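Scroll down for the structure; my scribbles are underneath it.
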Amino acid sequence: MSTLSEQQLYDLDRKHVWHPYAALNSDAPMFAVDSAQGVRLKLKDGRELIDGMSSWWSTLHGYNHPELNKALVEQSQRMAHVMFGGLTHEPAVKLAKQLVDISPAPLEHVFFSDSGSVAVEVAMKMAIQYWASRGQQRSRFLTFKRGYHGDTFMAMSVCDPVTGMHSLFSDAIQQQLFAEAPRLRIDDIWHDSESSELKQLLHKHHRELAGVIVEPIVQGTGGMFFYHANYLSTLRELCDNYDLPLIFDEIATGLGRTGKLFACEHAALAPDIMCLGKTLSAGYITLAATLCSSNIAMQIQDGPASVFMHGPTFMANPLACAVAGRSIELLHENNWQQQVQSIELALKKGLAPCKTLEAVADVRVLGAIGVVEMKETVDLRRLQPIFVEHGIWLRPFGKLVYCMPPYISTDDDLSKLCNALYLSLEKVYCAS
Ligand code: PMP
């Protein structure tokens with residue numbers, strides 16, 4: 001097929017292509033991207049946008065990175081893919097070792113899969129098989145309300161029961177146990193009363209649970225809320241007492257985004273099972289990983305199946321693993337901590353003026369995540385084109401206008417991003 005004109009592209013897109021959480025043939029604004037470089041997206045009409053979304057948390061080193069391109073090309077000249085059953089390869093083994101080295105002890109074993117949602121399925125299956133091998137059938141999980149863990153069925157079952165698609169699929173998804181979402185913010189003073197509900201729920205239900213699954217520190221899609229680390233210490237203590245696998249979904253937070261390499265480090269503790277995705281392959285090729293402790297892995301091994309029952313076709317895809325391995329090296333070479341710290345400072349400064357807008361309910365920043373919470377649900381159709389007019393790419397949802405820029409963003413990029421965000425909100429909300 002020859003190159004499409006801009007109009008042909010939009011027409012064919014409307015006719016044939018589904019987009020995330022969207023209607024077919026929708027008249028919502030759509031923007032065609034032609035290329036991307038560093039922190040900038042170049043649209044087909046020639047306009048350049050500073051990317052504030054890192055393509056949904058993934059492109060931490062920016063687009064078209066020479067080192068990542070090199071890793072991808074070199075690997076493609078060896079082999080783009082090979083099945084992982086009965087075969088292994090260096091990109092996967094090296095990446096697994098890197099992940100074990102950087103992740104908190106006791107995470108020792110790595111299961112590669114293709115997407116964050118599948119990494120969550122795998123984590124939940126691990127917990128279920130852990131119990132099966134101890135002779136018990138357990139498949140229920142405790143989680144927080146306002147969580148988000150993906151779009152596959154088990155992952156959906158632990159998403160927020162109200163906003164998380166449960167009503168549409170209620171007959172098809174498992175009923176989980178929900179605790180109230182954390183209320184205290186990461187920098188609030190802790191009150192022990194905050195742990196009482198978790199204590200009661202686990203005291204009452206622990207015998208029927210296969211495990212506990214939460215997003216540590218940042219509840220993402222469920223509200224972009226940064227919560228107190230003591231909720232995690234409480235869960236860790238209770239899971240230890242009741243011998244329940246504790247699963248942390250670090251798909252959005254992992255690899256530095258919150259200012260710690262893993263968000264669980266804010267609470268100085270580790271889960272038994274941890275999910276990684278998004279950032280893992282730096283926005284190049286879809287890849288996810290579920291890590292677990294030897295305790296979990298050995299128990300599964302001793303069980304009736306003796307093997308772990310999952311094995312996707314594209315497991316440990318060599319291209320994705322090669323890029324992911326180089327991306328982790330780059331994190332260290334680029335001094336990611338310094339990068340994230342300067343983004344945090346720039347976002348705190350740059351987003352502060354938004355607090356003066358009447359329509360804004362709250363502004364908060366953690367690491368390289370900035371959130372402007374509006375009082376009312378934003379009108380995406382109206383706001384999105386205005387962001388684009390101002391030269392930035394942001395994709396708000398609900399009441400949240402938020403950004404998580406690539407770690408390579410400069411002070412200048414960030415000040416343009418924040419300034420344009422403010423001006424766009426001012427244009428929409430302060431127009432007379
Ligand atoms: N868990 C969390 C915390 C996420 O933010 C996401 C992605 N939005 C997922 C799981 C699912 O990942 P994916 O979209 O790659 O399936």
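Given the structure is predicted, the values throughout are model-derived calculations rather than measurements. When a ligand or atom number is given, it counts from 1 through the structure's own listing order. The analysis underlying the following values was restricted to heavy atoms, covering all of them including side chains, and did not include hydrogens, waters or symmetry mates.
Of the candidates I251, D249, D160, H149 forms a side-chain contact (heavy atoms from CB on, under 4.5 Å) with just one, namely D249.
With hydrogens and angles left out, the side-chain atoms of Y227 and N230 include no donor and acceptor closer than 3.5 Å. E237 and T234 share no side-chain donor-acceptor pair at under 3.5 Å.
Each of S115, G116, S117, Y148, H149, G150, E215, D249, I251, A252, K278 has a non-hydrogen atom positioned under 4.0 Å from some atom of ligand 1.
Legend: side chain to side chain donor-acceptor pair (under 3.5 Å) pairs involving residues 91-111, not counting sequence neighbours, sorted by first then second residue: E90-K94, K97-D101, H109-S294. Among residue pairs with one or both ends in residues 310-323, those qualifying as side chain to side chain donor-acceptor pair (under 3.5 Å) are H81-N317, K125-H310; sequence neighbours excluded. Listed by first and then second residue, the salt bridge (charged side-chain N to carboxylate O under 4.0 Å, His left out) pairs involving residues 363-391 are D27-R381, E358-K375, D362-R364, R364-E373, E389-K427 (not counting sequence neighbours).
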